Amino acid sequence: MAIFGLWIINKAGGLVYQKNFADGLSKLSPNEYLVLAGTLHGIHAITSRLSPAGSSSGVQIIEAESFKMNIFLTATGTKFVLLTSLTDTTADTALQRIYEAYADYVMKNPFHTPEMPIRTERFDVKVAEIIKVFA
Amino acid sequence: MYTSGQAVVHPRLSVLSTSSLPSEHSSLGTASSTTRFSLPPSGSSTPVPMPTSASTLSLSKTPMTAVNLVRPNIYDRPLNKTRTSEVSLAAFTFLFSEMIQYTQKRVNGVADFERKLNTLGYRMGLKMLELHAWRTEGTSKAPKRETRFLTVLSTIGNVMWKAFFGRAMDAIQKSVTKDDEFMLIENDPAITKFISISKDMGSLSCSALTAGVVEAILDGLGFPARVTAHNVPTEANPNCTTILIKLDRSVLDREEALK
């Protein structure tokens, strides 16, 4: 069980937060992460439109051979993506906890501009704490 | 004392805007307030019960449901009831966050920023002192007012802080080097719990608001002082904040005389 990384994608498809926690996935340049996040945003839009029966929440898990992406869409359109190992079962809970930390330490911080990259010290600390519990 | 026609405003009360002047309040007249809190138009959200043939009594239910929708006004609530009148931390934090963003747009530099937050806190503190005095001494047979500084300081740090913020101050200290300086220390102040100061803000402490509150309380009790807030991060408490009180010389002289 391992948590490799966390992405937060704003409602326009921009990557506002990206952090690696464990080795196992190849490191990319900041620009490559931005492109991938944008692509994921597009894929998510397609999957939420394709549902044959009414509205759909869109893709929630993408599994690969060595890892999986857990995607959590909030009511406001922000996406939290947690990259974990295949055996991980706690991603849902972890994402929920990270969302709570985001609501507290990012949205309530007067010095954060919504939809912009997150540079908030206490959020970093809190996320590190949560990852420590679940990893 | 005041010249006619020109309102002289206390500098403390006029820093941010003049919109708090009584004359401007008339613009908050009728139209907006009635639409905001009025009952929903009849028949839209509360369907009128269909009168049955059995009784006509059911008709009387219609005005009853309408009456229940009226929220109690803040002025209708008892002033000395504290147990159910607590405000959620989240609601306060969002309000405080907006206050900071509003202030930030109107200041140049950190010192100015803290001064304006202090002013906002000062206006809160005046009212908080009055409210606290009303709640604690209002029903007392022999209401009293503290006249010695150390008792006042300990009342602020323990009783008042507990009443306003739910927790007493973690420590109250006297400066070793200067006899006119006192410190109230809070390890993790609730109001700045979710605030991360960005690097370009440097030493800004948003507890300047609570420093203003302390300053107003001291002023109101007749202890003029200069109160400032400072971040004193430690290993165990990265959010530790000190509220530094620098007393006016006249207070020290009076304390000396009272001994």
Side-chain angles (χ1 to χ4, degrees), chain A residues 5-12 14-21 30 34 72-80 82 93-134, chain B residues 16 87-107 109-110 112-114 116-118 120-121 165 186-210 229 231-241:
Chain A
L6 168 73
W7 302 355
I8 300 178
I9 304 172
N10 70 13
K11 62 174 179 235
L15 187 69
V16 292
Y17 191 84
Q18 188 276 322
K19 200 130 223 169
N20 293 325
F21 303 112
L34 273 175
F72 171 65
L73 178 71
T74 70
T76 50
T78 309
K79 275 185 278 296
F80 290 77
L82 203 62
T93 338
L95 279 168
Q96 196 65 44
R97 293 282 307 280
I98 291 167
Y99 182 33
E100 279 168 29
Y102 172 82
D104 275 350
Y105 293 89
V106 178
M107 296 318 289
K108 288 174 189 167
N109 181 13
F111 302 106
H112 168 73
T113 319
E115 309 298 321
M116 292 304 277
I118 299 166
R119 294 184 213 292
T120 303
E121 204 185 314
R122 290 192 193 175
F123 180 63
D124 286 343
V125 174
K126 205 75 197 169
V127 165
E129 271 174 32
I130 295 167
I131 297 299
K132 218 173 173 183
V133 171
F134 285 96
Chain B
L16 288 177
V87 177
S88 81
L89 180 59
F92 177 81
T93 312
F94 277 119
L95 176 68
F96 187 39
S97 166
E98 287 300 323
M99 282 162 70
I100 290 171
Q101 288 175 52
Y102 176 93
T103 313
Q104 195 181 7
K105 285 188 200 134
R106 287 159 178 79
V107 295
V110 172
D112 200 20
F113 204 145
E114 291 192 333
K116 281 218 162 114
L117 283 178
N118 183 295
L120 284 171
F165 299 103
E186 225 173 343
N187 286 340
D188 188 13
I191 68 155
T192 58
K193 196 170 176 208
F194 303 121
I195 297 174
S196 306
I197 306 289
S198 50
K199 293 274 182 292
D200 55 318
M201 282 294 167
S203 63
L204 173 75
S205 171
C206 292
S207 285
L209 185 93
T210 36
N231 294 321
V232 191
T234 58
E235 195 68 37
N237 300 301
N239 310 335
C240 187
T241 301

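First the proteins, then the strands, lettered A, B, ... as listed; each starts at 1. In this text the structure is predicted, and so the values were computed from the model without any measurement.
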Only counting residues at least two apart or in another chain, list the ones meeting salt bridge (charged side-chain N to carboxylate O under 4.0 Å, His left out) with A:Glu129.
A:Lys126
Set of residues satisfying salt bridge (charged side-chain N to carboxylate O under 4.0 Å, His left out) with respect to B:Lys193, sequence neighbours excluded
none
What part of [X] gets within 4.5 angstrom of chain A, counting heavy atoms only: side chain, backbone, both, or neither?
{"X": "B:Leu89", "value": "neither"}
{"X": "B:Gln104", "value": "side chain"}
{"X": "B:Met201", "value": "side chain"}

Tell me the residues of residues 93-107 of chain A whose non-hydrogen atoms fall below 4.5 Å from those of chain B, in number order.
A:Asp104, A:Tyr105, A:Met107
Give the interface residues of residues 108-123 of chain A toward chain B, defined by a heavy-atom separation under 4.5 Å.
A:Lys108, A:Asn109, A:Pro110, A:Phe111, A:Thr120, A:Glu121, A:Arg122
Hey, which of B:Thr93, B:Ile197, B:Asn239 has the most heavy atom pairs under 4.5 Å with chain A?
B:Asn239
